[in-house]
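The next block holds one structure in the form of structure tokens; read it before the comments.
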Amino acid sequence: MKGKKSEDIGRDEFLKRAWTWKEQSGGKIVSQLKRIGYSVDWSRERFTLDQKLNDAVVEAFNILYKKNLIYRGEYLVNWCPASQSAVSDLEVEMQEVNGYLWHFKYPLLSKSGEQLLDKYLEVATTRPETLLGDTAVAVNPDDDRYKKYIGAKVKVPFVDREIPVIADSHVDKEFGTGCVKVTPAHDPNDFAIGKRHNLKQINVMNKDGTLNINAGKFQNLDRYEARKKIIKELENLGLLTKIEEYKHTVPYSDRGKVPIEPLLSTQWFLKMDDISQGCLEEIDSKKPEFIPQRWEKVYKDWLENINDWCISRQLWWGHQIPAWYVLDEFQDSIEQNTPFVVARNEEDALIQANKKFGFNIKLVRDKDVLDTWFSSGLWPFSTLGWPNNNDPDFKKWYPNSVLVTGFDIIFFWVARMTMMGNTFTNNIPFKDVYIHGLVRDENNKKMSKSAGNGIDPILLIDKYGSDALRFALIREVAGAGQDIRLDFDRKKDTSSTVEASRNFANKLWNATKFVLLNKTSNDNYSFNESDLNSLELCDKWILSKLHQVNTNVATLLKEYKLGESAKLLYEFSWNDFCDWYVEFAKQRFNNKENKNRQTSEKVLIKVLNDILVMIHPFMPHITEELWHVLQLKPEETLLSLQKWPTQENKFVDIKLDKSFQQLFEIIRLIRNLRAELGLKPSEKVPVYLISDNGDLIDFLKILVDDIQTLTKSSEVLIYETNAVDKTEFAKSFSGIIRDLEVYLPFQDYVNIDALQERLTKDLQKVNSELENLNKRLSNKNFIDKAPKEIVDECRFKLKEGTTQMERINKKLELLN
RNA sequence: GGGCGAUUAGCUCAGUGGUAGAGCACUACCUCGACACGGUAGUGGUCACUGGUUCGAAUCCAGUAUCGCCCACCA
């Protein structure tokens with residue numbers, strides 16, 4: 001095991017060796033060291049600890065120590081025998097294993113003396129080897145079976161220790177035999193019982209997981225070998241009564257991947273009660289505010305049930321604990337010594353004084369280091385110059401605005417930062433905590449290094465580009481912190497979600513190409529008075545749309561709705577701008593006599609510019625590039641530094657939006673009718689638009705050329721209802737969009753069978769819809785209780801549906 | 001054992017009281033001067049299940065199932 005304490009190679013040597021491991025560990029060592037403030041010194045080929053960060057850590061330790069929040073004590077800690085270090089509760093992972101529950105008997109002694117009775121108490125355990133450290137047997141005080149034995153003694157086999165039978169309400173009468181062997185030095189539960197009953201703590205294990213001298217004849221055996229041997233010998237003694245198969249959870253070390261051993265040892269602890277209490281008070285007033293909100297409960301629950309934090313680690317990397325011990329010439333162990341903690345930069349003075357006065361004492365610094373999360377918890381302010389509260393960075397940027405992170409790190413990091421921040425700066429270090437989802441693999445499993453189910457982002461970046469990957473992930477995070485299941489095809493290294501984003505990037509690229517091809521001047525895109533007067537309807541429409549998208553995206557971003565923002569921009573760019581506006585613009589550019597060409601250009605550039613600026617945070621590279629060629633900006637002028645585009649309110653025109661919406665529906669209907677007739681784009685036929693809505697007629701007349709081109713019609717004829725004789729359209733397909741009728745006369749049609757089939761299907765659909773509407777409208781309750789608008793809408797739909805049905809019937813008639 | 005989230009088109013997901021949407025995939029047509037990584041028109045769904053509230057439920061409530069995650073000292 002790398003960095004194993006027992007090798008005792010020394011801190012310097014470790015860092016030297018770590019340098020040689022940095023490659024074979026795949027960067028793991030480097031990232032771990034960097035995270036706690038080591039930097040890479042390439043010239044000296046070693047890692048060095050950032051002095052400023054180290055000073056901050058020492059300062060923090062001192063403050064906490066002086067407030068009596070840090071203490072050193074002998075407690076049960078989660079001991080990882082592989083890395084030979086204590087680990088915190090959070091680094092323990094529970095794993096379900098198929099194990100056994102062994103039942104065996106402890107011989108009872110008579111109450112008066114040492115007389116061995118012919119009676120036994122039966123206990124059950126999953127870890128028989130710990131019996132060597134037993135100091136009591138506990139029963140429930142209300143258990144009638146065992147009441148009479150409370151106060152008696154039993155004899156522990158092998159070590160021949162006489163231990164008392166005690167009563168403790170923790171014991172469950174129903175489970176196992178109802179008798180629990182109590183091993184205060186090797187089980188957290190038993191430790192608590194031991195405290196309550198003042199039991200001796202007998203440690204039977206060494207730090208590497210082998211048994212120690214207290215284990216008697218089992219000394220030096222590994223914990224699992226000892227288990228086997230003990231079971232065998234218990235059986236030989238006739239004390240083993242039952243072996244039950246038993247599924248239970250065993251704590252494993254996250255770090256060493258071996259079962260944790262609860263071990264009695266001397267460690268440093270941080271008292272959490274007061275600190276967490278402070279944060280609990282703050283969270284009541286939304287400090288910090290969690291987005292999505294549901295994580296607040298998770299954070300709160302954890303703070304409410306927190307235990308003291310074991311902050312010492314027996315590792316070589318990290319910030320060494322700034323505590324010193326005085327040893328006289330005969331001592332070489334610090335275990336039993338009282339430490340004293342000194343402030344930063346005082347160590348030297350201490351050593352000097354010691355020398356100067358010729359004290360014949362040894363000063364030894366604690367060898368342990370701090371849990372990496374101790375220094376990470378200081379990160380929001382230690383990186384801004386703290387403990388110097390007058391540092392300009394600290395003054396300007398603290399508290400931070402938002403922390404973006406995954407939920408897996410709420411306890412490790414977020415809570416530690418809020419607690420440290422609250423303690424040292426009287427401030428929660430950030431206003432908002434945005435918790436994003438995690439990427440899952442195609443089997444819905446969390447991606448992790450250890451499971452090996454990760455997706456190498458480089459594969460996707462090589463194939464689609466980093467902008468595409470970034471945009472795809474943002475687009476998918478829509479459901480506020482919902483996990484992302486990437487549709488990654490492992491065999492082909494493809495993902496259709498990322499591919500769609502790549503296509504979008506390509507669309508932006510080509511839209512910009514179109515604009516550049518048609519650009520005639522290098523003027524900027526700001527409008528003057530004459531431009532405003534020569535804006536056409538479609539210009540006004542796209543500017544109105546742009547304004548709305550702009551404000552909506554700004555609002556969504558403020559609410560951290562990143563996915564929705566991305567989707568909105570995607571739709572606006574592709575559907576409104578590329579599909580419709582660019583097509584309108586083509587018309588204007590193709591018309592050589594167009595006097596407003598300059599204005600059209602300006603609108604086109606303005607809209608594209610704003611699209612690029614708004615999409616920039618989502619697709620930084622391509623937008624930066626396109627923006628530069630569009631605006632002819634020098635390399636040093638960065639899009640990243642541009643302000644969010646502003647729009648003029650006067651461009652918003654909801655009525656115009658609605659008119660265009662109807663226009664699009666009309667165009668789609670014409671295309672649809674042409675498709676039904678099987679007309680090829682080259683086959684041009686006239687189309688008749690008929691309405692008694694004067695405003696609509698005026699509107700359509702202005703855009704008549706656009707309708708003609710976009711529907712590939714030979715002619716678009718617009719009439720008022722009473723000005724036309726509908727019998728002329730006897731042989732025509734028709735449709736209706738609100739108050740406008742569309743007629744498409746024709747000579748021939750193709751694909752009669754297919755069309756007939758489809759029309760019949762349409763008819764069925766409309767019929768069932770009408771049936772539904774009729775049912776609702778004939779329901780008295782509905783008429784009475786539903787809002788008027790809904791009822792009216794129903795009536796309108798019924799009318800529309802009836803006309804639709806007539807038209808389909810007519811079409812079918814014509815086909816026969 | 002406790003808690004949280006998910007379940008909607010073949011796939012990945014939006015939609016949170018008025019009768020269902022997007023992208024990909026699929027079908028047909030289209031190389032038309034930005035783009036085939038494209039355009040146009042389509043096909044495709046008992047909104048996991050069972051009850052309840054309501055004139056009306058994918059949407060609100062209760063329960064069930066499946067999947068996933070987090071927390072937890074039953075020896």
Side-chain angles (χ1 to χ4, degrees), chain A residues 94 101 123-127 130 138 170-172 174-183 187-192 246 248-249 251 262 292 294-295 297-298 301-302 305 407-408 410-411 437-438 440 442-446 464 468 472 475-476 478-479 481-489 495-497 499-518 563-564 567 570-571 578-579 582-583 586 589-590 668 671-672 674-676 678-682 710-712 751 754 758 761 769 772-773 776 779-787 789-791 793-794:
Chain A
M94 297 308 256
L101 194 58
V123 296
T125 181
T126 53
R127 301 194 311 159
T130 61
H170 163 79
V171 179
D172 181 352
E174 312 301 323
F175 187 87
T177 61
C179 295
V180 184
K181 57 189 270 318
V182 183
T183 326
D187 183 277
N189 242 327
D190 295 0
F191 183 80
Y246 184 57
H248 62 135
T249 50
R294 66 170 187 272
W295 295 109
K297 188 179 178 311
V298 177
D301 286 353
W302 189 72
N305 299 306
F407 62 79
D408 52 337
I410 290 178
F411 308 138
L438 263 38
R440 305 277 195 86
E442 60 277 21
N443 298 320
N444 205 16
K445 289 268 193 291
K446 193 170 101 179
Y464 304 112
R475 221 156 67 108
E476 289 295 321
Q482 205 51 249
D483 282 355
I484 301 168
R485 194 142 135 214
L486 205 59
D487 54 346
F488 182 67
D489 186 328
S495 155
S496 59
T497 311
E499 192 179 328
S501 299
R502 188 272 315 263
N503 295 352
F504 178 55
N506 185 251
K507 193 76 180 173
L508 289 176
W509 178 274
N510 281 300
T512 308
K513 199 168 124 194
F514 171 80
V515 174
L516 292 175
L517 286 172
N518 289 286
E564 270 184 71
K567 275 179 199 158
Y570 177 95
E571 280 166 20
C578 291
D579 288 350
V582 167
E583 293 306 317
K586 275 183 193 168
F589 292 149
N590 287 340
R668 280 197 200 103
R671 284 169 175 168
N672 181 298
R674 287 178 56 93
E676 281 183 356
L679 290 172
K680 298 208 162 175
S682 54
L710 293 174
T711 59
K712 315 211 186 277
N751 258 341
R758 230 185 78 199
K761 224 173 167 183
E769 231 165 82
N772 221 322
L773 288 165
R776 285 170 73 186
N779 182 346
K780 200 172 165 298
N781 274 326
F782 174 68
I783 305 286
D784 290 349
K785 293 186 182 171
E789 313 90 77
I790 301 290
V791 179
E793 202 188 305
C794 261

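A note on names: the letters A, B, ... follow the listed sequences, proteins ahead of strands, and every chain is numbered from 1.
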So what is the 5' to 3' dot-bracket string for RNA chain B, if pairs are Watson-Crick or G-U wobble with both distances under 3.5 Å, crossing pairs use [ ] and | means the partner sits on another strand?
((((((((.[[[[.)..(..]]]].(((((.......))))).....[[[[[..)....]]]]])))))))....
The side chain of A:Ala511 is closest to which nucleotide in this list: B:G44, B:A34, B:U12?
B:A34
More 5' along RNA chain B: A:Asp487 or A:Asn779, using each one's nearest nucleotide?
A:Asp487
Rounding to the closest angstrom, what is the interatomic distance between B:G42 and B:C49 at atom C1'?
33 Å
C1'-based separation of B:A72 from B:A62 [nearest Å]:
27 Å
Out of B:U12, B:U19, B:C35, whichever nucleotide has its closest atom nearest the side chain of A:Glu583
B:C35
A side-chain contact here means heavy atoms from C-beta on lying under 4.5 Å apart; do A:Asn510 and A:Lys513 qualify?
yes
May I have the distance from A:Asn503 (atom CG) to B:G38 (atom P), rounded to whole angstrom?
4 Å
Just N and O in the side chain of A:Arg485: are any of them under 4.0 Å from OP1 or OP2 of B:U12?
yes
Hey, is the side chain of A:Lys297 poking within less than 4.0 Å of OP1 or OP2 on B:G5, counting only N and O atoms?
no
Rounded to the nearest Å, what distance is computed from the NZ atom of residue A:Lys780 to the P atom of nucleotide B:C55?
12 Å
Within 6.0 Å of CH2 in A:Trp509, more than 12 heavy atoms from elsewhere
no
Please work out if A:Pro262 contacts a base, only the sugar-phosphate, or nothing of the nucleic acid, heavy-atom cut-off 4.0 Å.
nothing
Would you say the side chain of A:Ile410 lies within less than 4.5 Å of the side chain of A:Trp302, judging by non-hydrogen atoms?
no
Taking only the side-chain heavy atoms of A:Phe175 (C-beta and beyond), determine which of B:G5, B:C74, B:C73 contains the nearest atom.
B:C74
Looking only at heavy atoms, which two atoms of A:Arg674 and A:Lys680 are closest? And how far apart?
NH2-O, 3.0 Å
When rounded to the nearest Å, what value does the distance between C1' atoms of B:G44 and B:A34 take?
32 Å
Pairwise distance CZ(A:Arg671) to CZ(A:Arg668) - rounded to 0.5 angstrom:
7.5 Å
The test is side chain to side chain contact (heavy atoms under 4.5 Å, CB included); show your working for A:Leu517 and A:Phe589 and say whether it passes.
CA-CA 11 Å; A:Leu517 286 172; A:Phe589 292 149; over 6 Å; no
Of all the nucleotides listed (B:G5, B:G68, B:C37), which has the minimum atom distance to the side chain of A:Arg440?
B:G68
C1'-based separation of B:C32 from B:G68 [nearest Å]:
50 Å
By nearest nucleotide on RNA chain B, pick out whichever of A:Leu101 and A:Ser496 is the more 5' one.
A:Ser496
Expressed in whole Å, how much space separates the C1' atoms belonging to B:G52 and B:G17?
16 Å
Rounded distance in Å between the P positions of B:A57 and B:U50
14 Å
Spacing between A:Lys513 atom NZ and B:G38 atom C1', to the nearest angstrom
12 Å
For the C1' atoms, the ones on B:C70 and on B:U8, what distance do you get once it is rounded to whole angstrom?
26 Å
Do A:Phe782 and A:Ile790 pass the side chain to side chain contact (heavy atoms under 4.5 Å, CB included) test, and can you show the C-alpha distance, the side-chain angles, and the key distance before you say yes or no?
CA-CA 10 Å; A:Phe782 174 68; A:Ile790 301 290; 4.0 Å; yes
Reckon A:Val171 touches a base, only the sugar-phosphate, or nothing at all at heavy-atom distances under 4.0 Å?
base
If you only use heavy atoms from C-beta on, which nucleotide in B:G23, B:C35, B:C74 is closest to the side chain of A:Asp172?
B:C74
Which listed nucleotide (B:A75, B:C30, B:C4) is nearest to the side chain of A:Val180?
B:A75
Please check the phosphate of B:A41 (OP1 and OP2 only) for any side-chain N or O of A:Lys712 closer than 4.0 Å.
no
Between NZ of A:Lys567 and C1' of B:G15 the distance, given in whole Å, is 9 Å
Within-4.5 Å side-chain heavy-atom neighbours: A:Thr130 and A:Lys181
yes
One thing to verify: whether A:Lys586 and A:Glu583 come together as a salt bridge, which I'm taking to mean a side-chain N less than 4.0 angstrom from a carboxylate O.
yes
Winner on side-chain proximity to A:Lys680, out of B:U19, B:C30, B:A34, is B:C30
Answer with base, sugar-phosphate or nothing: what part of the nucleic acid does A:Arg127 contact at a heavy-atom distance below 4.0 Å?
nothing
At under 4.0 Å between heavy atoms, what does A:Phe411 touch on the DNA or RNA strands: base, sugar-phosphate, or nothing?
sugar-phosphate
After noting the C-alpha distance and the side-chain angles of A:Val582 and A:Phe514, does the key distance pass the side chain to side chain contact (heavy atoms under 4.5 Å, CB included) rule?
CA-CA 9 Å; A:Val582 167; A:Phe514 171 80; 3.6 Å; yes
Nearest-angstrom distance from the residue atom CG of A:Asp301 to C1' of B:A72
12 Å
Students often get this wrong, so: under 4.0 angstrom with heavy atoms, is A:Tyr246 touching a base, only sugar-phosphate, or nothing?
sugar-phosphate
Can a side chain N or O of A:Lys507 be found less than 4.0 Å away from OP1 or OP2 on B:C37?
no
Sugar-phosphate only, base, or nothing, as touched by A:Cys578 at under 4.0 Å among non-hydrogen atoms:
base
Give the rounded distance in Å between these two atoms: CD of A:Glu789 and C1' of B:G17.
14 Å
Would you mind reading off the distance between A:Ile410 atom CD1 and B:G3 atom C1', rounded to a whole angstrom?
13 Å
With distance as the sole criterion, do the side chain of A:Arg502 and the base of B:C37 form a donor-acceptor contact below 3.5 Å?
yes
Separation of the P atoms in B:U16 and B:U53, to the nearest angstrom:
25 Å
Has the side chain of A:Arg668 got a donor or acceptor atom sitting under 3.5 Å from an opposite partner on the base of B:U40?
no
Between C1' on B:U40 and CZ on A:Arg671, what's the gap in Å once rounded to a whole number?
6 Å
Under 4.0 angstrom between A:Asn781 side-chain N/O and B:G56 OP1 or OP2:
no
Using a 4.5 Å cut-off on heavy atoms from C-beta on, say whether the side chain of A:Asp187 contacts that of A:Pro262.
no
